[in-house]
Amino acid sequence: GIVLAINSRTKGANFEREIGNLLVQELNLTQPVKRILEQTRTKELPDLKLGRWCIECKRYGDGAEPSAEWWDQVLAATPSGEFPALIYKFNRRPIKVRILAGTLVPELDFSPMTIDLMWEDYIEILRYLFQVDIEQHEASIQV
């Protein structure tokens with residue numbers, strides 16, 4: 001089982017890198033979106049950060065729907081006042097992004113309701129509604 005665990009960890013890390021690179025390319029960022037490496041020591045940290053966005057990346061072979069545990073993991077890693085996002089991909093399926101409905105629709109802020117977006121739509125939403133987070137990311141000094 002060890003080999004499988006290592007493979008899935010490698011696959012996970014590669015997908016995180018892929019998503020980090022895609023964010024940089026598609027949002028024309030100058031600062032890299034890097035993995036948060038302390039996550040191995042501290043359970044409750046997201047894979048990637050972009051401004052107030054706490055992003056978990058999940059890459060799986062078979063399936064179509066993210067598991068409830070994945071979403072709970074994202075919520076657990078997102079401090080109050082920040083935005084959870086679960087970016088997931090299954091074989092032969094497009095990259096999708098699950099976010100809280102309240103992130104887009106303030107009136108739904110109280111609700112656990114989620115919205116699943118196509119990757120391209122998530123990028124557009126970041127571009128139009130979350131420019132402040134892009135700017136915050138670009139202003140941060142990467143260590």
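Treat the numbers as computed from the prediction; the structure is a model and nothing was measured.
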Practice problem: Decide side chain to side chain contact (heavy atoms under 4.5 Å, CB included) for E56 and I87; before the verdict, give the C-alpha distance in whole Å, the side-chain angles of both, and the deciding distance to 0.1 Å. | Solution: CA-CA 6 Å; E56 284 287 334; I87 300 183; over 6 Å; no
Practice problem: Check the hydrophobic clustering (I, L, V, M, F, W, Y; side-chain heavy atoms under 4.5 Å; chains of links allowed) and say if Y60 and I19 are grouped together. | Solution: no
Quiz item: Is the distance between the ring centroids of Y122 and W53 less than 6.0 Å?
Solution: yes
Quiz item: Are I55 and W70 connected in a single hydrophobic cluster, I mean Ile/Leu/Val/Met/Phe/Trp/Tyr linked by side-chain heavy atoms less than 4.5 Å apart?
Solution: no
Practice problem: Measure the CZ-CG distance between R17 and N14 for me, rounded to the nearest 0.5 Å. | Solution: 5.0 Å
Quiz item: Does a side-chain heavy-atom distance below 4.5 Å link C57 with Y88?
Solution: no
Practice problem: Could you label the plane-to-plane angle of the F83 and F130 rings as parallel, tilted or perpendicular, counting under 30° as parallel and over 60° as perpendicular? | Solution: perpendicular
Quiz item: Above 12 or not: heavy atoms from other molecules or residues under 6.0 Å from CG of D62?
Solution: no
Quiz prompt | Sub-4.5 Å side-chain heavy-atom contact between L48 and K34 | solution = no
Quiz item: Does the E26 side chain pair with the main chain of I123, one donor and one acceptor, at a distance under 3.5 Å?
Solution: no
Quiz prompt | Any V97 side-chain heavy atom under 4.5 Å of D116 side chain | solution = no
Quiz item: CZ of R127: more than 12 outside heavy atoms within 6.0 angstrom?
Solution: yes
Quiz item: Would you say L23 and I95 are hydrophobically clustered, going by side-chain heavy atoms of ILVMFWY under 4.5 Å?
Solution: yes
Quiz item: For Q31 and S140, which heavy atoms make the closest approach, and how far apart are they?
Solution: NE2-O, 3.0 Å
Quiz item: Given side chains that start at C-beta, do those of Q136 and R52 come closer than 4.5 Å, heavy atoms only?
Solution: yes
Quiz item: Taking the side chain as C-beta and beyond, is there a heavy-atom pair between E82 and K49 under 4.5 Å?
Solution: yes
Practice problem: Could you walk me through whether C54 and V74 pass side chain to side chain contact (heavy atoms under 4.5 Å, CB included), step by step? | Solution: CA-CA 7 Å; C54 296; V74 186; 5.6 Å; no
Quiz item: If we only count heavy atoms from C-beta on, is the R98 to E65 side-chain gap below 4.5 Å?
Solution: yes
Self-check item: Non-hydrogen atoms of R93 and A64 that approach each other most closely
Solution: CZ-CB, 3.6 Å
Quiz prompt | Gap separating the CG atom of L126 from the CG atom of L50, nearest 0.5 angstrom | solution = 6.0 Å
Exercise. Could you tell me whether the side chain of T103 and the main chain of I99 form a donor-acceptor pair under 3.5 Å?
Key: no
Quiz item: Charged N to carboxylate O under 4.0 angstrom, E69 versus K58?
Solution: no
Quiz prompt | Approximate separation, where rounding is to 0.5 Å, of E16 CD and R59 CZ | solution = 13.0 Å
Quiz item: Is L100 linked to L129 within one hydrophobic cluster, defined over Ile, Leu, Val, Met, Phe, Trp and Tyr using a side-chain heavy-atom separation of less than 4.5 Å?
Solution: no
Quiz item: Applying the 4.5 Å side-chain criterion to the ILVMFWY set and letting contacts propagate, would M113 and L117 be lumped into a single cluster?
Solution: yes
Self-check item: Note, K96 side chain near W119 side chain (heavy atom, < 4.5 Å)
Solution: no
